[in-house]
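Here is how names work: the chains are called A, B, and so on, in the same order as the sequence lines, proteins then strands, and each is numbered from 1.
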Protein chains: 2
Amino acid sequence: MRRAGGSKRTALIEATKELLWERGYEATSPRDMLDRSGAGQGSLYHHFAGKLELARTALTEMAEEEMAAIAAIFDPAKPPLDRVHAYLCRERDALRGCRLARLANEAAVELPAFRQPIAAFLDRIIELLHASLAEAQAGGQLRPGIDPSIVATTLLAVIEGGYVLARAHWEPRYMVEAVGGAVALLRTVATVPIPSAAERLGQ
Amino acid sequence: MRRAGGSKRTALIEATKELLWERGYEATSPRDMLDRSGAGQGSLYHHFAGKLELARTALTEMAEEEMAAIAAIFDPAKPPLDRVHAYLCRERDALRGCRLARLANEAAVELPAFRQPIAAFLDRIIELLHASLAEAQAGGQLRPGIDPSIVATTLLAVIEGGYVLARAHWEPRYMVEAVGGAVALLRTVATVPIPSAAERLGQ
DNA sequence: GTCTATAGAAGGATAGAC
DNA sequence: GTCTATCCTTCTATAGAC
């Protein structure tokens, strides 16, 4: 019994968003969702078909929230490689993991309904990276030999892998190092200076 | 009731190694371990303190098995950058995920006993990559401006992130692309040719 | 060492009153 | 829409015979 205002449906979604980030899907039970939201059994099954549908709804909202922040980083007014650099060096809570991709290793990811919001979120980031890299290349700021499409996927993989390494070691510095190496490599394929790598990273 | 020969202890460990890779830790129950191994309740709790200790034993063996294969890839007789390339382009079952790091997002990773075998395994790979990159740099095959230490972490992050992206999309090609971009970037910081990127990847 | 039997708690969902 | 009460299954572990 924690929340007062708003409908129980909203409270359930908010609680589930927290729990999915904190514990993942398998490790979260309907009881956990009810306890944290302050809703009773009936509310969950009135508004949702079950645990999976509630989780899917929460995931979709999480993706929207994250995407809003990320879209702001890819501000078209900035030089394209600055956008890429800003995304890479963005502050992250490495030990918490990626809010969406954290769930990629759950058994439930084999269900299309579960993975759809996660995959769409990741694809959108790849698109933003790809577009920025392609724009840089068209403007002569990125070497012609580089394929913006696959490098975009590589850069996102560095971030997602950085989370994995940081969590496996319970050491945020693995994320910092993974990003640092990516920025160093990016610098070697750029024909213009990239902002200082000394920006704050992770925690 | 699936296995005949060997002790029940061995059968339990083998079954657990399979299950941890297939489903992860949370999604695997002691009952699953018993069913697949053919052991009874008593055998599990006779040989191990419980689910966690059995999982830890299985993880340790998994790390040893994987490490044997990886050590062979880093054959000191090969040129150092060829080793790195061979590791990156190694065939992988992208949808199954990394046998060890797949568990980095389980809630149980907060327990040191659980994450220790995983962290040690990943650190050993970073060391092998680091040593090869440093050797290449000392031999003039890698540009002086590159830091072999952080790039080693970045390359492993690409692999682990590649698994995450492939699983989230249920599409092995994300691993292929992530690796492809990493090889392309590595090529730009090398001063000698790196073997063809057309090697077979993933499944 | 291995087995079956059992147990208390938690998981996931339903029934039905208000 | 929301609540409490209930239900069956699964989870994790223990007991005790062989």
**Item:** Heavy-atom donor-acceptor pair, A:R143 side chain to A:V189 backbone, under 3.5 Å
**Value:** no
**Request:** State, without any angle test, whether B:D123 and A:Y174 hold a side-chain donor-acceptor pair at a distance under 3.5 Å.
**Result:** yes
**Message:** In the structure I gave you, are the side-chain heavy atoms of B:E53 and B:H47 within less than 4.5 Å of one another anywhere?
**Reply:** no
**B:E26 CD - C:dA10 P separation (whole Å)** = 15 Å
**Length of the line joining A:L19:CG and C:dA10:C1', which is rounded to integer Å** = 16 Å
**Prompt:** Is it the case that A:R102 places NZ or CZ above or below the six-membered ring of A:W21, under 6.0 angstrom from the centre and within 45 degrees of the axis?
**Reply:** no
**Message:** Is the phosphate of C:dG1 approached by B:S7 (side-chain N or O, under 4.0 Å from OP1 or OP2)?
**Reply:** no
**Item:** Options C:dT2, C:dG12, D:dC3, nucleotide nearest the side-chain atoms of B:K8
**Value:** C:dT2
Side-chain donor-acceptor distances from residues 72-81 of chain B under 3.5 Å, at least two apart:
from  : atom 1 : to    : atom 2 : distance (Å)
B:D75 : OD1    : B:A77 : N      : 2.9
B:K78 : NZ     : B:I73 : O      : 2.8

**Length of the CZ-P vector between B:R23 and D:dT10, whole Å** = 13 Å
**Euclidean distance, atom CZ of residue A:R9 to atom P of D:dC3 [Å, nearest integer]** = 15 Å
**Prompt:** Are B:R99 and B:E65 close enough for a salt bridge, meaning some N to O gap below 4.0 Å?
**Reply:** yes
**Asked** Do B:L88 and B:L186 have side-chain heavy atoms sitting under 4.5 Å apart?
**Response** yes
**Asked** Just checking, B:K51 and B:Y25: is the charged tip under 6.0 Å from the six-membered ring centre and within 45° of the axis?
**Response** yes
**Request:** Could you tell me whether the side chains of B:T10 and B:S7 share a donor-acceptor contact shorter than 3.5 Å?
**Result:** yes
**Asked** So which of residues 46-54 of chain B are in contact with DNA chain C, with a heavy-atom cut-off of under 4.0 Å?
**Response** B:H46, B:H47
Got a list of protein N/O to nucleotides 7-9 of chain C N/O distances below 3.5 Å?
none

**Request:** Let me know the distance between CG of A:L34 and P of C:dA10, rounded to the nearest Å.
**Result:** 15 Å
**Prompt:** Can you check the A:L44 CG to C:dA13 C1' distance for me, whole Å?
**Reply:** 10 Å
**Asked** Quick one: which of C:dG11, C:dA13, C:dC3 gets closest to the side chain of A:Y45?
**Response** C:dA13
